[in-house]
K.L.:
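This is the structure I want to talk about, given as structure tokens.
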Amino acid sequence: MNWLKRIDTALITGLLLGSGGVLLSLLGNPANSGICVSCFLENLAGALQLHSNVRMSYIRPELIGFVLGSFLVAVRSRRFRVTGGSSPIIRFFLGFFIILGCSVFIGCPIKMLQRLGAGDLTAVAAVLGLVFGVWLGAKYIRKGTFLDREKEMPRINGYIMPLLALLMLLFLVLEPGFIRIGVSGPAAMRAPLLVSLAIGLIIGGFAQRSGLCITGGIRNFFLVRETTLLSGVLAALGSAFLVSLATGQFHPGMNGQPASHLSHGWTFLAMTLVGLASVIIDGCPFRQLIKAGQGDIDAAISSFGMLAGAAVAISWSLQSTSAGPSFGGKIAVLTGLAFSMVVVMSYRQRGRAGR
Amino acid sequence: MKAMDWLDKLNITILAALVAVTLGMLVQHGLAARQQGDGAPSAEELLQKAYREEVARDTALFRDVRLLREQGKTRQARARLQEIIQAHPGIPYGYVARARLDLAEGSLTGAITNFRRAIDARPEYVDRKTPLFIGKEIQALVTEALGKLPRERKLKPDDKEIAMALRNVYYLQRRLAGGCE
């Protein structure tokens, strides 16, 4: 593992995320959605019968790979630290609303980069919204908003998420009766299991080492002009663009883009919610899974909130379609933004305010 | 590390017994389910069968409409289609039949609207993995519409019907592009 220390792991993780996403699309995952944590959580919720849309029901091996890759590398590099106990219910609901925001845009921040890299110009509004949300969160951090400090916890807590990931792998292979796997629609669009799992494991491992986070990279830049993680984010975008171009998946324009809509205002607001809430809980949806794998119980709680959000997004038809956002989705975004604002106000310690 | 006392030993014994019993039950249940399921169709096979039955039903049900349309008797075809829809409400294929009639009568915007309704009612019409897929036909319509409608929109910027048709064409284009929807 020494060679890893000599090179910029954030940059490598970004390159892997961008190119891996496009390759997974080529190998069978939905177009422009080779890696999408929010879409994959919606699929997982369906497979566990937490919603009833069978076309969106599949246990994506990439999710399993992210958690297990992070866990294995953390254990091997002695970075497996079990901590938690910081505002669990707040983190649960912020995770919940993050996925609702993603479902209104139709994609998590990683998919946003993939969509943009493939020429989908409707993702520009999402980038602007995400950057604005992160900027707002960074402002609140500067002014003294922090969730309470986590504390060390017994190690068994840290093993729950990796064990659940293993259980999901078992369910995927054995397909017991209570697991539902869709055979049409997005659920049937999937890269080969072993390839998806391997790519997930590799990206999960590198992400654990690098700490790469889409919102974290932007936040660090706003807070301290630190660009290590941001270079990873830009590498993800750049590699998605180059691989899309090389494989004939680059189609620039607003119209005719897979799983997109033209309600740019709602896209902006939805990703503002994702950016702001991600800054409060210290990480985008992808980062929450990586942290959950390395023993962060708070991130595990956020991940369960994300899974609940994914189930509700489909069950209550809050997710957008090619026709645009639903009324319920719009209300969910506004409610999520209001909830996030109340949280940042409530946790602000005025005595600790910075500039 | 402290030596185990009697409670630890009891705990480990019970734990080992629980793991052994649970694994045994799971294996037994799995074997039994496999034996019962041998030869039975999988969920995918059942679904594909249901799709094929739907195609066969729609083909038979709308046969008269198709024949009348192919003979150029679009007025009679539309009347027959209305009868079928009234007798069998809620069949998504009705929109497809309407769209084809619209095309036969030269109404591009009508065809676009009805194909959009068809896809909204039955997303499998643009799912390549099902026998219901009619994406190539819709793609041809979209290509034709994209060659005409933007030009017409420029000539008649206040025409709401053209504006709506163009929005529907872009919608069809997005659905044909696929993605996780």
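Chain identifiers are assigned alphabetically (A, B, ...) following the order of the sequence lines, protein sequences preceding nucleic acid strands; residue numbering begins at 1 within each chain.
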K.L.:
Quick one, A:V183 and B:Q48 - any side-chain contact, counting heavy atoms below 4.5 Å?
P.N.:
no

K.L.:
Any chance CZ of A:F178 has more than 12 other-residue heavy atoms, nucleotides or ligands included, within less than 6.0 Å?
P.N.:
yes

K.L.:
Please report the closest heavy-atom contact between A:S184 and B:Y51, naming both atoms and the distance.
P.N.:
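Shortest heavy-atom separation between A:S184 and B:Y51 comes out as OG-OH, 3.2 Å.
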
K.L.:
Just so I understand: if I count every heavy-atom pair under 4.5 Å between each of A:A187, A:C39, A:S260 and chain B, which residue has the most?
P.N.:
A:S260

K.L.:
If you count heavy atoms of other groups shown closer than 6.0 angstrom to CG of B:L18, is the number above 12?
P.N.:
yes

K.L.:
For the CD atom on B:Q82, are there more than 12 heavy atoms of other groups (residues, nucleotides or ligands in this structure) within a distance under 6.0 Å?
P.N.:
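More than 12 heavy atoms, drawn from other residues, nucleotides or ligands, come within 6.0 Å of this atom.
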
K.L.:
Taking everything shown except B:L23 itself, do over 12 heavy atoms lie less than 6.0 Å from its CG?
P.N.:
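Yes.
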
K.L.:
Counting only heavy atoms not in B:R57, do more than 12 sit closer than 6.0 Å to its CZ atom?
P.N.:
yes

K.L.:
Grab the two heavy atoms, one from B:R174 and one from A:S322, that are nearest each other, plus how far apart they are.
P.N.:
NH2-O, 2.7 Å

K.L.:
Looking only at heavy atoms and a cut-off of under 4.5 Å, which of A:I106, A:L262, A:N53 has the most pairs with chain B?
P.N.:
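Going by pairs under 4.5 Å, I would pick A:L262.
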
K.L.:
What are the two closest non-hydrogen atoms of B:A177 and A:G256, and how far apart are they?
P.N.:
CB-O, 3.3 Å

K.L.:
Check each atom of A:R55 against the heavy atoms of chain B and say whether the ones under 4.5 Å are side chain, backbone, both or neither.
P.N.:
side chain

K.L.:
Among residues 109-138 of chain B, which ones touch chain A with a heavy-atom distance under 4.5 Å?
P.N.:
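Against chain A, the residues of residues 109-138 of chain B that fall inside the cut-off (heavy atoms, under 4.5 Å) are B:R116, B:P123, B:E124, B:D127, B:K129, B:T130.
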
K.L.:
Can you tell me if CD on B:Q71 sees more than 12 non-hydrogen neighbours from other groups inside 6.0 Å?
P.N.:
yes

